[in-house]
There are 2 protein chains.
Amino acid sequence: MSVRESQDTRLRLLQHARDLYLESGPERFSLREVARRSDVSAAAVYRHFDGKEALLRAVCEEGLRVFSSYLLRALKETTSLERLRAAGDMYRRFGIENPRDYRVIFMSTPGEDVDVGSSATFQFLVDRVSECIKAKALARGDGLEIAAVIWAHVHGLVSLRLCGQLAVVGDDDAFTRFFLRSTDRLLKGLAP
Amino acid sequence: MSVRESQDTRLRLLQHARDLYLESGPERFSLREVARRSDVSAAAVYRHFDGKEALLRAVCEEGLRVFSSYLLRALKETTSLERLRAAGDMYRRFGIENPRDYRVIFMSTPGEDVDVGSSATFQFLVDRVSECIKAKALARGDGLEIAAVIWAHVHGLVSLRLCGQLAVVGDDDAFTRFFLRSTDRLLKGLAP
DNA sequence: GTCTATAGGTGGATAGAC
DNA sequence: GTCTATCCACCTATAGAC
């Protein structure tokens, strides 16, 4: 079999692994099921990945890449405050549109996964906050702490929604409006 | 074997089930392991519970009872705003002191567990908010929506902390102070 | 690289003796 | 009520033929 076909198999495994992950979450993820969907035997997977954990890791890395791509779209706004608000809204969109990825990144047990709180991704939010403070769009204060407050707030909204606990606000459109009102209230508390 | 000893077995099963649950979470929870820890055969469990799911349900109900007991302590405060702030802080304490229970109640996948958002527990928070509005300690508005905003905020702080994502703020005491500053900022945005 | 076959483990649930 | 024995399903991983 050619090298090209072999790479296709690897790619197919990765895509089906991602599908299964998004459907079933990390717990019910199984190497055999990925193999079945990819029309290869379970043993064949070991030619491409070092077992289940390696396959799982590859899937997670893809999720983080997608998350970053959402956040970066906020930079197209023109003012610092608009960029901050857009970052929050992109965070919401990522969570609602990629619930399984969101759970993996932000709702898993500590120790086994990525630490976003001390990563380049979090630094992105700190930067948005800092430029707002500099532009007097937010009250003076510790940029890192204020970023953490904002992060917790948007995460609280998104994660409760993903757990089905905010069904009371209505459908996804109603949630979006609720999200924007809610973050605006927080920003009011953070204003100069 | 006497009725009393049989009830003891049931209780022992429930306690070990709870322990296992708190250690391993809902995913790795297994009826057989509970039986092992309780020194009975796996089959014996079926004399006391209708299988794994029923056992799991019994464990979750206990967690909710503990959570309620935390919240109710907030009622000993004298003013409406103090009661609201105390409710938030009790929420924090419950999460930090009972992380596994917290995860079960507020961080599990939808469909399989309790819906707090439309429960008596959430109504408790709505009541705290409503009395603050009536006392002009909060701006006028939809009590239910404002309660949801506050809930999401404290949940965001607690759940990120439990996932190890807010390690940046320091130890548990530092987190407590951070939590209080953060909620005060939100309340400032909700003030009249 | 892929296959089949297999080893060895987890788990849930039931039947029937005691 | 509890046990042992059992069945069945699922899983990870490896060995060896092709």
Side-chain angles (χ1 to χ4, degrees), chain A residues 1-62 100 103-104 108-109 111-113, chain B residues 1-62 100 103-104 108-109 111-113:
Chain A
M1 197 166 278
S2 77
V3 172
R4 160 139 184 72
E5 278 168 338
S6 165
Q7 286 178 339
D8 282 355
T9 298
R10 191 194 145 90
L11 194 64
R12 221 171 53 246
L13 283 170
L14 208 48
Q15 286 168 338
H16 283 117
R18 185 167 166 78
D19 286 347
L20 177 59
Y21 198 44
L22 295 179
E23 286 171 25
S24 315
E27 310 292 346
R28 279 189 288 271
F29 180 87
S30 110
L31 180 148
R32 291 182 100 95
E33 178 63 20
V34 173
R36 268 191 293 271
R37 296 180 180 207
S38 307
D39 278 312
V40 293
S41 72
V45 180
Y46 289 83
R47 282 287 148 193
H48 302 276
F49 299 92
D50 286 344
K52 176 188 180 177
E53 289 308 316
L55 186 51
L56 212 43
R57 243 179 291 123
V59 170
C60 292
E61 284 160 13
E62 173 65 12
R100 300 295 199 313
R103 299 190 82 90
V104 181
S108 354
T109 20
E112 60 187 33
D113 28 51
Chain B
M1 197 165 275
S2 78
V3 173
R4 162 136 185 72
E5 275 168 336
S6 164
Q7 286 178 340
D8 282 356
T9 298
R10 192 195 145 90
L11 194 64
R12 219 170 56 245
L13 282 169
L14 209 47
Q15 287 168 339
H16 283 117
R18 187 167 164 77
D19 287 348
L20 177 60
Y21 199 43
L22 296 179
E23 285 171 26
S24 315
E27 310 291 349
R28 279 188 289 272
F29 179 86
S30 105
L31 180 150
R32 291 181 102 100
E33 177 63 18
V34 173
R36 270 191 292 271
R37 296 181 180 207
S38 307
D39 278 313
V40 293
S41 71
V45 180
Y46 289 84
R47 282 288 148 192
H48 301 277
F49 299 92
D50 285 345
K52 176 189 180 178
E53 290 307 315
L55 186 52
L56 212 44
R57 245 179 289 123
V59 169
C60 292
E61 285 162 12
E62 173 64 12
R100 300 296 203 310
R103 297 190 84 91
V104 182
S108 351
T109 20
E112 60 188 34
D113 28 51

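Per chain, numbering begins at 1; letters A, B, ... match sequence-line order.
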Does a side-chain heavy-atom distance below 4.5 Å link [X] with [Y]?
X: B:L55; Y: B:L14; value: yes
X: A:V40; Y: A:R12; value: yes
X: A:V45; Y: A:L13; value: yes

Along nucleotides 7-18 of chain C, 5' to 3', which nucleotides get a B, which get an S, and which get a -, given that the test is a protein heavy-atom distance under 4.0 Å? ----SBBBB---

With sequence neighbours left out, what residues match A:R57 under side chain to side chain donor-acceptor pair (under 3.5 Å)? none

Under the side-chain contact (heavy atoms from CB on, under 4.5 Å) test, residues paired with B:Q15 that sit two or more places apart: B:L11

Apply side-chain contact (heavy atoms from CB on, under 4.5 Å) to B:L56 and list each qualifying residue two or more places apart in sequence or on a separate chain.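 side-chain contact (heavy atoms from CB on, under 4.5 Å) check on B:L56 returns B:Y21, B:F29, B:E53.
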
Expressed as a whole number of angstroms, how long is the span from B:R10:CZ to D:dT2:P?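 Atom-to-atom, B:R10 to D:dT2, this comes out as 12 Å.
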
B:R18/B:E23 salt bridge by N-O under 4.0 Å criterion: no

So, does A:T9 get its side chain near the phosphate of C:dT2, meaning an N or O under 4.0 Å from OP1 or OP2?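 Looking at the OP1 and OP2 atoms of C:dT2, one of them is under 4.0 Å from a side-chain N or O of A:T9.
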
Could you spell out the base pairing of DNA chain D as a dot-bracket line? Use Watson-Crick and G-U wobble contacts where both distances are under 3.5 Å, [ ] for crossing pairs, | for partners on a different strand. ||||||||||||||||||

Can you list, by residue number, the residues of residues 16-25 of chain B that have a non-hydrogen atom closer than 4.0 angstrom to DNA chain D? none

